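My questions all concern the structure below.
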Amino acid sequence: MSANNPSDLPVVSDRLAKNAMRNVSERLIEGLLLCAAAVSVLTTLGIVYVLVSESFHFFQNVSIVDFLTDTQWTPLFDDAHFGIMVLVSGTVVSSFVALAVAIPMGTIIAIYLSEFANSKVREVAKPILELLGGIPTIVFGYFALLVVTPLLQIILPELPGFSLLSAGLVMGIMIVPYIASLSEDAMRAVPMSLREGAYAMGSTRLYTAIHVVVPAAFSGLAASYILGISRAVGETMILAVAAGMQPNLTWNPMEPAATITSYIVQVALGDLPHGSIGYQTIFAAGLTLLLITLVFNILGQWLRAKFRENY
Amino acid sequence: MQPLTTEQIRAVIARGKLRDTIFKALGIFCLAIALLVIVALIADMAIKGSERFTLDFFLNFASRRAAQAGILSAWVGSLLVMLVTALAAVPLGVAAGLYLEEYAKRNWLTHIIEVNISNLAAVPSIVYGLLALGIFVYQFGFGQSILSAGLTLALLILPIIIVSTREAIRAIPAMIREGSMAVGATRWQTCRYHIIPYAMPGILTGVIIGLARAIGETAPIITIGALTFIAFLPPAPFTGEPPAGLFDWVFAPFTVMPIQIFNWTSRPDPAFEINAAAAGFVLMVMVLSMNAVAIYLRYKMRKNIKW
Amino acid sequence: MQIHDNPALKAEARNLNFFYGEAKALKNINMPIYDKKVTALIGPSGCGKSTYLRSFNRMHDLYPGNRYEGEIRFFPDNTNLLSSEVDPIEVRMRVGMVFQKPNPFPKSIYENVAYGLRVRGENNKRVLDDKVEHALKGAAIWDEAKDRLSELASNLSGGQQQRLCIARALATDPELLLFDEPTSALDPIATAAIEELVHELKKRVTILIVTHNMQQAARVSDYTAYMYLGEMIEFGKTDEIFIKPKDKRTEDYITGRMG
């Protein structure tokens, strides 16, 4: 270093002077890290770009009105129809069945773990839920088709081998851990002073949970339900395996039907040429799916803003 | 209204407590269902698949004859895809988490990135498959390869790794940062020598959970067009003729465990059901043991927090 | 306790010990609580005054590992509140409590006050209306609240919230009302309102109040107990405690040499 050079003396000390090289490399690293963070934005842009551009080609051949109102979905037939409602009905029915299982069960488990269970029970129960949430959906699909459906057929002999009901039930079980763990977090965040206030009035545990803790945690619970809906709508493999893949405009869970997601799988399994109308349908279906989940996401954010926790 | 008599109050309390007890039973019942499903799943696959738990099953390729079919190409494919996924997602995710916690200023760009990450976590996995089909397979010309699959799954688990990195970093007290800066370290040196090492267990937990999720993912990989019947292995990684040949393996066609299971599950011949059960059991063991390691790591971490 | 011109007893602690796990937080406390009087508990922080207060409604039962020894006798029926045969919920239905920080429930003002009545199974609209109005008047918040009964309680100011919490406790006609530093989170004006209210309330209900503020104890209470390190050092009429304390430690605390 040049500390001995007299001409440098009037400057601050060398050791306090800014090190230009170090600055450059610091800025460079910061830039690289920012690029990594920007990948997530690129992913979103990529998703929107792919879905919109391919759907754009699709809608040059099919009118949006037909897409939304036609009651048949036969894109690969000579007499092609593109009524997305056929797939949406399967998605709606299976999600409905799933949520009818997952919301009550998840909420009950959350209330139980947050308000009733002691720490020992919680320490056992939470990993169990985590493991359940980690099971691959293809395994759940296997379970729905080869275990749950035969069991259901004992009670409901007329249930076909593929049905929205059994896929939906298993999907519900799959979603339980998400709802339970998010709801429990929300309820545990409710301050103890509120509970003490309720107990001091002579409330029992359940009364406190339902009348004080749940309302206080409402926005968190709503967010967990919304996430559950997103999961149900986007779930693919359980339906592809256990609900059958034939398009069927139905509101009856006892029937087999394709959903938006299982249709995409079915097409991808085949060998459709890049750029064909059949190839484009899966992007139009994917765009529909993304818009549905987007609507629920926005709804969730709105709910959270409207019912901010006010404790 | 007259104040309630002691008897009336006791009756009210007894009713309330009865409801408490009923609810408690209901809670335990719901938890028991969750546990029962896990046990039933594992037991069913273990019992049905038991006759296939032989070395041959792991060393045979898929076959049209159920009894001779094995999962060699599937588990090798899964491992290779996971390798690509980890190589892509871990550096990206950790760097992004580091940026957001240690560097980012509170401005619109940071806000957009954060909102984006939380929204991406809610995007259905099959949509990632469509993204990969449009971009990786056709736009970039990676084809229906291990590379395409690995990158797709990397994007899918990126939010998980970013979020767990951020949580791990946030748990490090400010005094560590200040101590390092006070002796003249730059921001990067502080990250490199203090933040990243201390956050490592938390990051690792997130990585394992992310990979466990990725290894079981089926839909996005089917969407990019992975083959369901593969009777050969990709070239072993990094063994080809350098320099170009080193990466031959990433462009190879492949199949993975979940797709093999899907294939066998959807065949009408019940003999393949046994294979599906056995392969499902193997996949479950892989996923559950990864999750168990992550749960254990987190548990250990909570026990030896040093500050 | 050589005060012979005493009013009737409402409660009495007898050889009360309390343990948080292994730690002994209250040491052999003996103390009377007189009917329709205000008794103040004073002492440095950590002296056990809140712990003692929370024994009267069995609040400690909510957390595992807590243990009582001895008795708190409750009159006129001479029940031991701490007995394992006595249901803590039943105790809490007779003993109301107001907390350090206002903790209104995430409900409307009306439903906050009606809460205790609903817990007791009362759902008759007319009875509820009546009781809610009465309680809000009793807590001197009726005029501010009567036009906004269906609003969320969290919209009220801090002082109003605390009076609402008092109304909530009053609505069920408790025999004993516990105040745990009720003004520590409030500004001086809101504090003055609560103190006045406490003064008013003792016509109807026996009051036990923990305070960190000696002036407050002197202003509102009839009797005062000084606690230190889990022990009851001195108990007596407030005037006597403040003017001529018998124990050196009480004197030190009151004159500001300690605490």
Side-chain angles (χ1 to χ4, degrees), chain A residues 22 26 29-30 32-34 36-41 43-44 46-47 50-51 54 105 108-109 111-112 116 125 127-132 134-139 141-143 145-147 173 176 204-207 227 230 234 236-237 241 261 264-265 268-269 274 282-283 286 289-290 293 297, chain B residues 16-17 19-20 23-24 26-27 30-31 33-35 37-38 40-41 44 92 95-96 98-100 103 112-113 116-117 119-120 122-127 130-131 134-135 138 155 158-159 186-188 212-213 216 218-219 222-223 225 258 261-262 265-266 273 276 280 283-284 287-288 291 295:
Chain A
R22 193 163 69 191
E26 280 288 310
I29 286 167
E30 180 169 349
L32 281 176
L33 295 179
L34 174 61
V39 166
S40 77
V41 181
T43 307
T44 307
I47 288 173
V50 166
L51 293 183
E54 294 289 348
M105 248 183 98
I108 288 171
I109 289 178
I111 293 177
Y112 174 74
F116 287 79
I128 290 178
L129 288 175
E130 253 177 276
L131 289 181
L132 186 67
I135 292 175
T137 56
I138 180 69
V139 174
Y142 164 94
F143 187 66
L145 180 68
L146 298 174
V147 180
I173 297 283
V176 164
T204 55
R205 282 196 184 269
L206 186 61
Y207 200 92
L227 179 82
S230 292
T236 309
M237 292 320 292
V241 171
T261 52
I264 297 174
V265 163
L269 283 171
H274 177 50
I282 62 175
F283 291 91
L289 181 66
L290 190 69
T293 47
N297 257 350
Chain B
K17 288 196 156 172
R19 290 194 190 118
D20 272 15
F23 185 85
K24 228 172 158 170
L26 196 62
C30 287
L31 273 173
I33 290 182
L35 184 61
V37 167
I38 299 181
L41 250 176
D44 178 82
L92 272 180
L98 201 58
Y99 176 80
L100 289 173
Y103 286 84
I112 286 183
I113 294 176
N116 215 299
I117 291 171
N119 278 335
L120 276 183
V123 170
S125 66
I126 195 154
V127 171
L130 292 172
L131 165 76
I135 302 276
Y138 290 114
L155 291 184
L158 211 48
T186 64
R187 202 185 279 269
W188 170 245
R213 162 100 195 271
T218 324
I222 290 183
T223 311
I261 298 167
F262 176 59
T265 311
S266 34
E273 217 180 278
L283 181 66
M284 279 288 278
V287 170
L288 292 187
N291 273 309
I295 291 170

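Here the structure is a predicted model, which is why all the values come from computation and not from measurement.
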Closest-packed option against chain B by number of heavy-atom pairs under 4.5 Å, given A:Thr43, A:Leu32, A:Thr293:
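Heavy-atom pairs under 4.5 Å are most numerous for A:Thr43.
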Name the region of B:Arg19, side chain, backbone, both or neither, that has any atom closer than 4.5 Å to a heavy atom of chain A.
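Contact with chain A is through both the backbone and side chain of B:Arg19.
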Are side-chain heavy atoms of A:Ile264 and B:Thr223 found at a separation under 4.5 Å?
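Yes - at least one pair of side-chain heavy atoms lies under 4.5 Å apart.
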Side chain, backbone, both or neither: which part of A:Met105 has an atom under 4.5 Å from a heavy atom of chain B?
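A:Met105 touches chain B through backbone and side-chain heavy atoms alike.
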Structural part of B:Leu155 lying under 4.5 Å from a heavy atom of chain A:
side chain
A:Ala37 to B:Ile113 - nearest heavy-atom pair and separation
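Smallest interatomic distance, heavy atoms only, reads O-CG2, 3.7 Å.
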List the atom of B:Lys24, the atom of A:Tyr112, and the distance in Å for their closest heavy-atom pair.
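Distance-wise, the nearest heavy atoms are CG-CE1, 3.7 Å.
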So which residue, B:Gly216, B:Gly134, B:Cys30, ends up with the most heavy-atom pairs under 4.5 Å with chain A?
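If we count pairs closer than 4.5 Å to chain A, B:Cys30 comes out on top.
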Would you check if the distance from the ring center of A:Phe116 to the ring center of B:Phe23 is below 6.0 Å?
yes
Assess whether side-chain contact (heavy atoms from CB on, under 4.5 Å) is satisfied between B:Asn119 and A:Thr44, documenting all intermediate values.
CA-CA 9 Å; B:Asn119 278 335; A:Thr44 307; over 6 Å; no
Reported CE-to-CG distance for the pair B:Met284 and A:Leu131, which is rounded to 0.5 angstrom:
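Here the interatomic distance stands at 8.5 Å.
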As an exercise: rank A:Gly286, A:Ala268, A:Ser40 by heavy-atom pairs under 4.5 Å with chain B and give me the winner.
A:Ser40
Contacts of type side chain to side chain contact (heavy atoms under 4.5 Å, CB included), residue A:Ile29, not counting sequence neighbours:
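Partners of A:Ile29 by the side chain to side chain contact (heavy atoms under 4.5 Å, CB included) criterion, ordered by chain and then number, come out as A:Leu33, B:Tyr103, B:Trp188.
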Reported CD1-to-CG distance for the pair A:Ile138 and B:Leu283, which is rounded to 0.5 angstrom
9.0 Å
From CA spacing to verdict: side-chain contact (heavy atoms from CB on, under 4.5 Å), B:Phe262, A:Leu269
CA-CA 11 Å; B:Phe262 176 59; A:Leu269 283 171; 3.4 Å; yes
A:Ser230, A:Ala38, A:Gly134: which one forms the most heavy-atom pairs within less than 4.5 Å of chain B?
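That would be A:Gly134.
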For B:Leu26, is it the side chain, the backbone, both or neither that has a heavy atom under 4.5 Å from a heavy atom of chain A?
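When you check distances to chain A, atoms from both the backbone and side chain of B:Leu26 fall under 4.5 Å.
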Given a strict heavy-atom distance threshold of 4.5 Å, which part of B:Leu158 is in contact with chain A: side chain, backbone, both, or neither?
side chain
For A:Leu145 and B:Thr265: C-alpha separation, side-chain torsions, deciding distance, then whether side-chain contact (heavy atoms from CB on, under 4.5 Å) applies.
CA-CA 8 Å; A:Leu145 180 68; B:Thr265 311; 3.8 Å; yes
Do you know which of A:Val265, A:Leu51, A:Leu227 has the most heavy-atom pairs with chain B at a distance under 4.5 angstrom?
A:Val265
Of the backbone (N, CA, C, O) and the side chain (C-beta and beyond), which part of A:Glu54 lies under 4.5 Å from a heavy atom of chain B, both, or neither?
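The answer is neither part of A:Glu54.
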As an exercise, state the distance from CD1 of A:Ile47 to CG of B:Leu131, rounded to the nearest 0.5 Å.
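These two atoms lie 5.0 Å from each other.
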Contact origin within A:Leu34 toward chain B - heavy atom pairs under 4.5 Å
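For A:Leu34, the contact with chain B is made by backbone and side chain together.
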Part of B:Ile295 lying under 4.5 Å from any heavy atom of chain A:
side chain
Any heavy-atom pair between the side chains of A:Ile282 and B:Leu130 that's under 4.5 Å?
yes
Heaviest contributor of heavy-atom pairs below 4.5 Å to chain B, chosen from A:Val41, A:Val241, A:Val147, is A:Val41
If you count heavy-atom pairs under 4.5 Å with chain A, which of B:Ile261, B:Leu41, B:Val37 comes out on top?
B:Leu41
Highest number of heavy-atom pairs under 4.5 Å with chain A: which of B:Val123, B:Thr218, B:Asn291?
B:Thr218
Residue part contacting chain A, namely of B:Ser266, when any heavy atom lies under 4.5 Å
neither
Which one wins on heavy-atom pair count under 4.5 Å against chain B: A:Leu146, A:Val39, A:Ile173, A:Val176?
A:Leu146
Please round to the nearest 0.5 Å and tell me the distance separating atom OG1 of A:Thr261 and atom CD1 of B:Ile126.
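Reported to 0.5 Å precision, the distance equals 6.0 Å.
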Restricting to non-hydrogen atoms, name the atom on B:Lys17 and the atom on A:Thr204 that form the minimum distance, rounded to 0.1 Å.
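Closest heavy-atom pair between B:Lys17 and A:Thr204: N-CG2, 4.1 Å.
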What's the spacing between B:Ile222 CD1 and A:Thr236 OG1 if we round to 0.5 Å?
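Here the interatomic distance stands at 9.0 Å.
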For A:Arg205, is there any backbone N or O sitting under 3.5 Å from a side-chain donor or acceptor partner on B:Asp20?
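Answer holds: yes.
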Show the nearest heavy-atom pair for residues A:Leu129 and B:Ala34, with the distance to one decimal.
CD2-CB, 4.3 Å
Could you walk me through whether A:Phe143 and B:Asp44 pass side-chain contact (heavy atoms from CB on, under 4.5 Å), step by step?
CA-CA 9 Å; A:Phe143 187 66; B:Asp44 178 82; 5.6 Å; no
Given that the side chain runs from C-beta out, which part of A:Leu289 has a heavy atom under 4.5 Å from chain B: side chain, backbone, both or neither?
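Looking at A:Leu289, just its side chain touches chain B.
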